[in-house]
Participant: 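Below you'll find the structure I mean.
Along the sequence shown, residues are numbered consecutively beginning with 1.
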Amino acid sequence: MIKEDLPKITGEGTYIDDINPKNLVYLGVARSQVARGIIKSVSRPESALLSLTWEDVKTYMPVPVPPNIAKSSKIIRMPVLADGRVNFVGQPVLAFVVNDRYEIEDVIEEVSIDYEELEPVVDVEKAMNSNEEIHPGVKKNISVDLLLEGGELSAKSRADVVVSRKIKQNRIVSNPMEPKGVIAHWDGEYLNVYGSFQSAFRIRNDLREALNISPEKIKVISAPNVGGGFGNKVPSYPEYILAAIASMKLNRPVKWIETRYEHLKNPTIGRGVLSDIKLYATRQGEILGIEGYVAVDLGAYNYTINPTTPSFIASLLTGPYKMKFASIRALGVFTNQPPTGPYRGAGRPEAALIHETLVEDLAEELGVDPVEIRRKNLVGDNGYVTPLGVKIDPAGYNEVLDTVEKYYRKAKEIYKDKGISIVVFTDIVRLSPGEGARVRIEKGKVKIFVGTGPHGQAYSDTFSKLASEVLGISQDVIEVITNTTEGLKEGVGSFGSRGGTIGGSAVIEACRQLLNKINMPIDKALKELNGVEVEVFYRSDDIFSPGAHVAVVDVDKETGFVKILDYYAVDDVGRALLKEEVEGQIIGGVLQGVSQVLLEHAPYDDNGNPLFSSIADAGVPTAVEANYNVKVDEVEFPSALPAKSRGVGEAGTTGGLPAVFIALEKVTKMKFEKTPIYPWDIMG
């Protein structure tokens, strides 16, 4: 067992809601009950200690937008509290503070909000073809419109075969076990913020921008345990800003703990991608290129990194294949639904479903083996630059495919009349710009501070193991502190499959520099030195992690219910830092990829009202639905980083989505145009 998991398993872990400072008060939020409208009036609750509306806060949620996107886009940031208009059900309109959390629901009943309702637009395809402007001046509701184009565009004329796919990947609520939560405490000099975070530094940056406070005055510390994240806990939320404002007004610590019902209706929602792509190839099976569009449902506002999502997905559509050209229009479209943001994979699974269904269709059109069509076009192990300029570093593409082929051939022998798929993908591991680490000798021990924040990954065990290897000391004398702005000058966080690889590399580099600095045996240094330290910010470009998965699927002919009979995952992990953790990450990721195909959906009606009110409604699987085996096999083609690893946090989701989707098409002999695929879609 991984040592740091024991407190969680035995119920001794400390989460944000377990922290209760003295003089604590609670934040509640009254939210919009309509999807689109003009606010005519808001009544403040009389029983609250404090209430806040737009007039009291007048600030917007930060949105980091690269210059190339900002220049050509219509960026509409979300107000922390509705600025006279509401644009989705659940949008915060009024915030208040009470002494007892159980007063919150009663106080919400006191608040009266009068609206002039407007017609909402809730479908991404209708939105981009509508004259109804959700935000005045944003024509066709298009926020982002970029053309990603490169390579030998004339190669299109050499195509003998063209296959096309239009797929709508419906929106999904990212449901970590622990909803969001924060405690903000202004002590007269510093804003102290504790919470369930993936990135303390990102939270600090967001608070600095929204509140116009110097970063030196903000201390952000993640709770000792974070019950899952899946991208949902990377950015700040309006409630974080509101808790901070309330604490500064009351000079008391303010806690906000999200209810599950609030979570279901709030940012950030995942997926929501409509694609229509053509793939061009020769009769001999050479893939020439792709063209088409990707339209991302941004929801009601630009939020967190969603302005970059369309171009990110578009840039990955060539997958692990050599191509002559690519021409993709990347669109970000507003609708009257909660804003979208990163959800496990954050563009990688969406892209993999698109390119793998196209490659599978090409194999069928040409009547060739699905393994061989992929092998023929694979980028190879020595690195590759795609037509869109994406640099893929050397990795074990051939070994991954060769290994998974054995599983595929065996499955074809065993399961004669079932749906069997093989998919190949490459996951971008978001290492840039790097990560910070500080190593310090203190009272006979070594303390390590790292900017990444675990939310289910075993970072303490991982980083202490790497430090132990470099320093030549026992892990027992190494203490790891993660995800606090107090420990480091500069850090980034945990997302994009980056934590172990870039965080581990920063730890290795800091430990190496520490050995050079002390210039004596480490055992002697631990006895004689105190307070000697080294801090680094290890920089790196992004790398890629190839994978290939096989899914075996059957369908009950009477009910249309789908059963996963077998699943094989082969992934290049570079170096398996902790084998149990690698396998756990891949298996958990597969579960979420499978669930997108068969279960998960966050549907809204034509009036913008959510048609779900619980985890069960949103399609989150229980142990009953997740009753299949995932066999994991690791290829180890070391990366160029000191840790030698490659990220795996999103690999399972990226492979699981297309693998099960295609296997289901094979067993049903149908072509599907959306996720999820329900039994009634299969039965007709």
Side-chain angles (χ1 to χ4, degrees), residues 64 197-202 205 222 226 229 231 233-234 305 312 342 344-348 390-395 426-439 448-467 469-470 480-485 487-514 534-546 571-578 581-582 585 589 636-651 654:
F197 307 139
Q198 290 178 235
S199 173
F201 285 89
R202 172 67 181 275
N205 289 340
S222 190
V226 173
K233 294 179 181 175
V234 175
I305 62 170
F312 181 66
R344 194 170 192 169
R348 299 160 182 83
V390 177
K391 294 179 181 179
I392 297 177
D393 61 310
T426 185
D427 252 351
I428 186 169
V429 183
R430 186 60 94 189
L431 302 184
S432 59
E435 189 55 86
R438 180 162 67 99
V439 180
I448 299 174
F449 299 84
V450 189
T452 54
H455 43 101
Q457 307 90 333
Y459 286 166
S460 182
D461 283 79
T462 300
F463 297 149
S464 62
K465 176 186 177 182
L466 293 173
E469 291 173 354
V470 176
V480 177
I481 300 101
T482 60
N483 209 14
T484 164
T485 60
L488 291 166
K489 294 174 187 170
E490 188 179 5
V492 177
S494 178
F495 47 85
S497 301
R498 71 193 311 273
T501 299
I502 192 64
S505 295
V507 167
I508 290 170
E509 180 60 25
C511 288
R512 287 172 177 169
Q513 291 190 23
L514 180 69
V534 168
E535 181 167 345
V536 304
F537 188 85
Y538 187 87
R539 296 189 179 276
S540 175
D541 293 330
D542 298 335
I543 62 173
F544 282 80
S545 179
D571 294 275
D572 179 2
V573 304
R575 175 197 174 193
L577 300 179
L578 286 177
E581 186 61 24
V582 166
Q585 287 290 318
E636 295 189 277
F637 189 117
S639 72
L641 281 89
K644 295 185 170 58
S645 59
R646 299 179 189 274
V648 296
E650 294 157 311
T654 305

Participant: Would you give the length of the straight line joining atom CZ of Arg344 to atom OG1 of Thr654, rounded to the nearest 0.5 angstrom?
Facilitator: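 The OG1 atom of Thr654 is 9.5 Å from CZ of Arg344, to the nearest 0.5 Å.
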
Participant: Is Val226 close to Phe197 at the side-chain level, that is, under 4.5 Å between some pair of heavy atoms?
Facilitator: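 No, side chains not in contact.
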
Participant: Of all heavy-atom pairs between Val439 and Ile448, which one has the smallest distance, and what is that distance?
Facilitator: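 It is CG2-CG1, 4.2 Å.
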
Participant: Do Pro642 and Tyr538 make a side-chain contact, defined as non-hydrogen atoms from C-beta onward lying under 4.5 Å apart?
Facilitator: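 Yes - at least one pair of side-chain heavy atoms lies under 4.5 Å apart.
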
Participant: Taking all atoms of both residues into account, what is the closest heavy-atom pair of Asp541 and Leu431, and its distance?
Facilitator: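 Nearest pair, atom of Asp541 first, then Leu431: O-CB, 3.5 Å.
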
Participant: With no hydrogens and no angle check, is any side-chain donor or acceptor of Glu435 less than 3.5 Å from a backbone partner on Ala506?
Facilitator: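 No: the side chain of Glu435 does not pair with the backbone of Ala506.
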
Participant: For a quick test of reading the model, state the closest non-hydrogen atom pair linking Ala510 to Ala437 and the distance between them.
Facilitator: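 Heavy-atom minimum between the residues: CB-O, 4.2 Å.
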
Participant: Would Arg575 and Glu469 pass as an ion pair if we require N to O under 4.0 Å?
Facilitator: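 The answer is yes: the pair qualifies as a salt bridge.
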
Participant: Going from CG on Leu466 to CD on Glu509, what distance comes out if it is rounded to the nearest 0.5 angstrom?
Facilitator: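 Reported value, rounded in 0.5 Å steps: 13.0 Å.
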
Participant: Looking only at side-chain N and O atoms, does Ser645 offer a donor or acceptor that is under 3.5 Å from a partner on Thr501?
Facilitator: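 Side chains of Thr501 and Ser645: pair found under 3.5 Å.
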
Participant: Go through it in stages, so that I can follow the logic: the residues are Tyr459 and Val450, the test is side-chain contact (heavy atoms from CB on, under 4.5 Å), and I'd like the CA-CA distance, side-chain angles, deciding distance and then a yes or no.
Facilitator: CA-CA 9 Å; Tyr459 286 166; Val450 189; over 6 Å; no

Participant: Indicate yes or no for a side-chain donor-acceptor contact from Arg348 to the backbone of Val429 under 3.5 Å, with no hydrogens or angles considered.
Facilitator: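 Here the side-chain-to-backbone pair does not exist.
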
Participant: Nearest 0.5 Å please: distance from the CD1 atom of Ile543 over to the CD1 atom of Ile392.
Facilitator: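 Reported to 0.5 Å precision, the distance equals 12.5 Å.
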
Participant: Report yes if some heavy atom in the side chain of Pro342 is under 4.5 Å from a heavy atom in the side chain of Ile305; otherwise report no.
Facilitator: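 Contact flag for Pro342/Ile305 side chains = yes.
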
Participant: When you measure from the side chain of Arg430 to the backbone N and O of Arg498, does any donor-acceptor pair fall under 3.5 Å?
Facilitator: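 Here the side-chain-to-backbone pair does not exist.
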
Participant: Between CD of Gln198 and NZ of Lys233, what distance do you get to the nearest 0.5 Å?
Facilitator: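 If we round to the nearest 0.5 Å, Gln198:CD and Lys233:NZ are 8.0 Å apart.
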
Participant: Does Gln457 form a side-chain contact (heavy atoms from CB on, under 4.5 Å) with Thr482? I'd like the steps, not just the answer.
Facilitator: CA-CA 12 Å; Gln457 307 90 333; Thr482 60; over 6 Å; no

Participant: Side chains of Asp542 and Ser432 only: does a donor on one sit below 3.5 Å from an acceptor on the other?
Facilitator: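 A pair is found: one side chain offers a donor N or O, the other an acceptor, under 3.5 Å apart.
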
Participant: Do the side chains of Asp461 and Glu581 get nearer than 4.5 Å, heavy atoms only?
Facilitator: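 Sidechains of Asp461 and Glu581: no contact.
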
Participant: Do Val573 and Gln585 have side chains that get closer than 4.5 Å, going by heavy atoms?
Facilitator: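 Answer no - side chains too far apart.
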
Participant: Does the side chain of Val582 reach to within under 4.5 Å of the side chain of Leu577, using non-hydrogen atoms?
Facilitator: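 A side-chain contact is absent here, since even the closest heavy-atom pair is not under 4.5 Å.
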
Participant: Do Phe201 and Thr485 come within less than 4.5 Å of each other through their side chains, counting heavy atoms only?
Facilitator: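 Yes; the side chains approach each other to less than 4.5 Å.
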
Participant: Can you tell me how far apart OG (Ser639) and CZ (Arg646) are? Round to the nearest 0.5 Å.
Facilitator: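 Answer rounded to 0.5 Å: 5.5 Å.
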
Participant: Where is the tightest heavy-atom contact between Leu488 and Gly436, given as atom of each residue plus distance?
Facilitator: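 It is CD1-O, 3.6 Å.
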
Participant: Of all the heavy-atom pairs spanning Val480 and Ser460, show the shortest one and how long it is.
Facilitator: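 For Val480 and Ser460, the tightest heavy-atom pair comes out as CG2-O, 3.7 Å.
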
Participant: Taking side chain as C-beta onward, heavy atoms only, is Asn483 less than 4.5 Å from Ser494?
Facilitator: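 The answer is no; the side chains never approach within 4.5 Å.
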
Participant: Work out which heavy atom in Ala395 is nearest to a heavy atom in Phe544; give both atom names and the distance.
Facilitator: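 Taking every non-hydrogen atom into account, CB-O, 4.3 Å.
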
Participant: Is the NZ or CZ atom of Arg539 positioned over Phe537's six-membered ring, under 6.0 angstrom from the centre and within 45° of the axis?
Facilitator: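 Cation-pi check for Arg539 and Phe537: fails.
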
Participant: If you measure from CG on Asp572 to OG1 on Thr426, what distance do you get to the nearest 0.5 Å?
Facilitator: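 Reported to 0.5 Å precision, the distance equals 8.5 Å.
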
Participant: One pair to check against side-chain contact (heavy atoms from CB on, under 4.5 Å): Glu535 and Phe449. What are the steps and the verdict?
Facilitator: CA-CA 9 Å; Glu535 181 167 345; Phe449 299 84; over 6 Å; no

